[in-house]
*Asks:* 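The structure that follows is given in the form of structure tokens.
Letters A, B, ... mirror the listed sequences (proteins, then strands); counts begin at 1.
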Amino acid sequence: MQYWLMKSEPDEVSIDDALAAHGSTVAWFGVRNYQARNFMRDAMRVGDGVLFYHSSCDEPGIAGIAEVASTPYPDDTQFDSKSAYYDPKATRENPRWVLVDVRATQKTRLMTLPELRSIPELADMQILRKGNRLSITPVTPAEWRCIMRHINK
DNA sequence: GCCAACGTTGGC
DNA sequence: GCCAACGTTGGC
């Protein structure tokens, strides 16, 4: 069992959107970074814990809890020439981008970046490092437990 | 809107 | 294979 933090722009897919989706499950489309893709393709397992993070918005932070709900499969938006995520170099025979399904399990209070930064145990979290841009990052069991403890207060 | 950080592209 | 130029991310 591993833990992850996954960024989503709430304008596109928020924790509320995910909870309202069929089976509270959404396809994590649009990842176009090889490192983040490789986490989904190679490391994630069904049932892994996910921190649902809202990025590029008024109040960035952890907004809910989710879990990995599928094995990896091709991201259809790469084949759609009308999509912002279209990749002309990808083909159905040779997909370049994969995704997993993510099932939202709980909307939480918003744990903002300043709050996360204020917790000494979380000082090494990848999301808090300067220049962090990766949209999917691993979370250690200790970080996960710490966040679970704080988020329900 | 700014800008630091970092990934990608493409000429050589 | 190097690396400069360029593009993107994302908090502020």
*Asks:* Between C:dG10 atom P and A:Asp58 atom CG, what is the distance in whole Å?
*Replies:* 16 Å
*Asks:* Please report the distance, rounded to the nearest Å, between CG in A:Leu134 and P in B:dC6.
*Replies:* 10 Å
*Asks:* A:Thr91 and A:Asn94: side-chain donor and acceptor closer than 3.5 Å?
*Replies:* no
*Asks:* Is A:Tyr53 near enough to C:dT9 that one of its side-chain N or O atoms lies under 4.0 angstrom from OP1 or OP2?
*Replies:*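 It does not, given that no N or O in the side chain of A:Tyr53 lies less than 4.0 Å from OP1 or OP2 of C:dT9.
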*Asks:* Give a yes-or-no answer on whether the side chains of A:Arg96 and A:Tyr34 include a donor-acceptor pair shorter than 3.5 Å.
*Replies:*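 Result is yes, a qualifying pair exists.
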*Asks:* Using atom CG of A:Asn33 as one end and atom C1' of C:dG7 as the other, report the distance to the nearest whole Å.
*Replies:*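 Atom-to-atom, A:Asn33 to C:dG7, this comes out as 13 Å.
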*Asks:* Send over the distance from A:Ile62 CD1 to C:dG11 P, rounded to a whole Å.
*Replies:*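 Taking atom P of C:dG11 as the reference, CD1 of A:Ile62 is at 12 Å.
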*Asks:* Would you kindly give the CZ-to-C1' distance between A:Arg133 and B:dT8, to the nearest whole Å?
*Replies:*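 Rounded to the whole Å, the gap is 10 Å.
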*Asks:* Regarding A:Thr77 and A:Asp75, is there a side-chain donor-to-acceptor distance under 3.5 Å anywhere?
*Replies:*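 Side-chain D/A pair, A:Thr77 to A:Asp75: present.
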*Asks:* Nearest whole angstrom, please: distance from the P of B:dA5 to the CD of A:Gln35.
*Replies:* 17 Å
*Asks:* For A:Asp80 and A:Tyr85, which I'm curious about, is there any donor-acceptor pair between the side chains at under 3.5 Å?
*Replies:*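 No, no side-chain donor-acceptor contact under 3.5 Å.
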*Asks:* State whether A:Lys7 places a side-chain N or O below 4.0 Å from either non-bridging phosphate oxygen (OP1 or OP2) of C:dG10.
*Replies:* yes
*Asks:* Can you check the A:Asp87 CG to C:dT8 P distance for me, whole Å?
*Replies:* 13 Å
*Asks:* Let me know the distance between NE2 of A:His54 and P of C:dG11, rounded to the nearest Å.
*Replies:*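 Value for this atom pair: 12 Å.
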